[in-house]
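Single-structure report; data block below.
Ligands are counted one by one from 1 in listed order, and the atoms in each one are counted from 1 as well. Below, each value reflects all heavy atoms present in this structure, side chains not excepted, and no hydrogens, waters or symmetry copies. As the structure is a prediction and not an experimental result, all values here were calculated from the model.
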Amino acid sequence: MDNTIYYVCKYTPKEIFSGFDQPTERLDPAPTNFECAESCTHPNLCGYGKALIEEVMKRDIRRLLLVDCCDVCRRIYDVLWHQGNMEFLFLLSLPHKNTASSVSLLERELQRLQTELLALTGENFNPDKALHAWKSGIREAEQQTITEPHVRLIGAHGGTLLKEMIEQRMPLPVQDDTCTGRRMLMPAPECWSDTAYASALLNQHRSCMRMQFRIEEPDDTAVGTICHTIKFCDYYGFAYRHMRAQKEETLLKIETDCTPQSSGQLHTRIDAFAETIGAGANQIKKSENIHYIAGVDSGSTSTDAVILDREKKIVSSVILPTGAGAASGAEKALAAALESAGLKREDLDAVVTTGYGRETVGLSDASATEITCHAKGAHYLFSDARTVIDIGGQDSKVIRIDENGNVVNFVMNDKCAAGTGRFLDMMAKTLELTLPEMSELGLQWKNEVTISSMCTVFAESEVVSLVADNTAPEDIIHGLNASVAGKTSSLVKRLGGEPAYIMTGGVAQNQGVVKELSDKLGAQVYVPKEAQLCGAIGAALLAFGER
Ligand code: SF4
Ligand code: SF4
């Protein structure tokens, strides 16, 4: 029989459990699916809520303390209570303020908890044991405090998996200050006092977003902050906006649904963030006595290669379909670029790769993310550019850059095909057009057509209905272009993008999208003729020591 009492929130009064000799453990859910949770809850429950229910049900956990942090927590409590399997299930009412009456409210809640624990264990509360746990908890938290340069992870329930993934990709230690991370109460008095304990619990180091007061010690050695939010959690979405408005330091937002799969999708963001704060794991050494440098951008649909000479002039470039594998696609593209330049592999001083296949391509001397490379490439192609809009086959990203082509901030949409080249590709197939035909025809529209769905599947059925209604293809294409431009301009606005704008990636070839985007942003979006080569150019430039 497992006697452990599980908990999730850092405001859990663990010391009270120690006073009853009850072992506690923080739940760290990371399920691969939500089979159990979705059988007994509404699908719109936040990712954490589902993950927690899944964990409790799969592990047959019988003792749990929840905090009434939000509606989801109350729903989790209701679901578990209705299941009827719990031996001990306590929903702690946590005040939002730290006034005297809030402390007194919490004190009463803690007394209610003590009464229930007495009933569960048959033991009386031992204040000395609770006081000892309070003091050792503070020592433990002090030991966890990182004083060397580090990255801070803040926001919603982080979890071991997410923290370890970030640590693996970031050559700096990570301080977990998420709401399930470091827990440091105010100092303990000499003797136990319910009031002092309630106050210390509420006023712990670093208030979470739910509190209406802020206790936040300065963290002078943090070089960047990663803010974790959870899918379908409005609370942390708002908290992030608030943080972004206040923070001057570099801030990256990531979102997961607590599954290992969702953490795995964050590699490019984390790597790009590491590069932005100058802590990239794969720092590219400047090549000396340069003759030729190759940059290869291994994308999902095409692989682009460029060769630059010592003056950083493009001596050759190719764009080939990626084909079955990133490695073979990159080999072919590089071989074609070498042939076109009349060079051999040994004439190259370095090959730098980027793109989604950058780590699987064996031919590279170094690699960097698309974010850093597009920033460098865009600056090379248009030095006035301050916002790069890259819409590729599978994802779209917007990057703010400074006057030297360094990344200031970025956002990515790589979770679905909406607003990407794949979306337009599928719509072109539905209309039985090639992409160049679609680009040309879209400029000849006459009547406004609205495609309301950005989901590729639903948009396709809208297009089929419009075709059945004899709507002119050029008007349908214009509707599609407008919806891609609308989605992209939202990304630009979310990032606070400013002119001058440059557009790169395959979709930059679609004149209708570029025109719509320029209209929505109220400024011209510049498309260089080498738009599709931007990432490969940026990769090559990194070997010149450009950062
Ligand atoms: S947001 Fe605050 S109250 Fe809610 S689980 Fe996190 S730490 Fe606890
Ligand atoms: S992630 Fe958001 S909605 Fe979900 S339990 Fe936490 S605070 Fe509530």
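With salt bridges taken as basic N to acidic carboxylate O contacts below 4.0 Å, one links Lys397 and Asp395. By the 4.0 Å N-to-carboxylate-O rule, Lys50 lies close enough to Glu38 to be salt-bridged with it. Taking the charged nitrogens against the carboxylate oxygens, Lys163 and Asp176 have no contact shorter than 4.0 Å, which rules out a salt bridge. Note on Arg152 versus Asp177: no salt bridge recorded, every NZ/NE/NH1/NH2 to OD/OE distance being 4.0 Å or above.
Residue Tyr236 touches ligand 1 through its side chain alone, judged by heavy-atom distances below 4.0 Å. Of the heavy atoms in Cys70, only side-chain atoms (C-beta onward) come closer than 4.0 Å to ligand 2.
Closer than 2.8 Å to atom 2 (Fe) of ligand 1 sit the protein N, O or S atoms Cys208 SG.
When side chains are defined from C-beta on, Val8 does not count as touching Arg26, because their heavy atoms never get closer than 4.5 Å.
Annotation for Gln175 and His150: closest pair CB-CD2, 3.7 Å, computed over non-hydrogen atoms.
In this pair, Phe20 and Phe125 present their aromatic rings tilted. The plane angle is within the 30 to 60° band.
Ligand 2 places these atoms under 4.0 Å from at least one heavy atom of Ile230: 1 (S). Interface atoms of ligand 2 facing His157, defined by a heavy-atom separation under 4.0 Å, are 1 (S), 5 (S), 6 (Fe).
Evaluated by nearest non-hydrogen atom to atom 2 (Fe) of ligand 2, the leading choice among Cys233, Gly237, Gly155, Cys73 is Cys233.
Side-chain polar atoms of Gln22 and Thr121 form no donor-acceptor pair below 3.5 angstrom.
What sits closest to atom 4 (Fe) of ligand 2 on the protein, heavy atoms only, is Cys46 SG, 2.3 Å.
Without hydrogens or angle criteria, Glu516 side chain to Val513 main chain gives no donor-acceptor distance under 3.5 Å.
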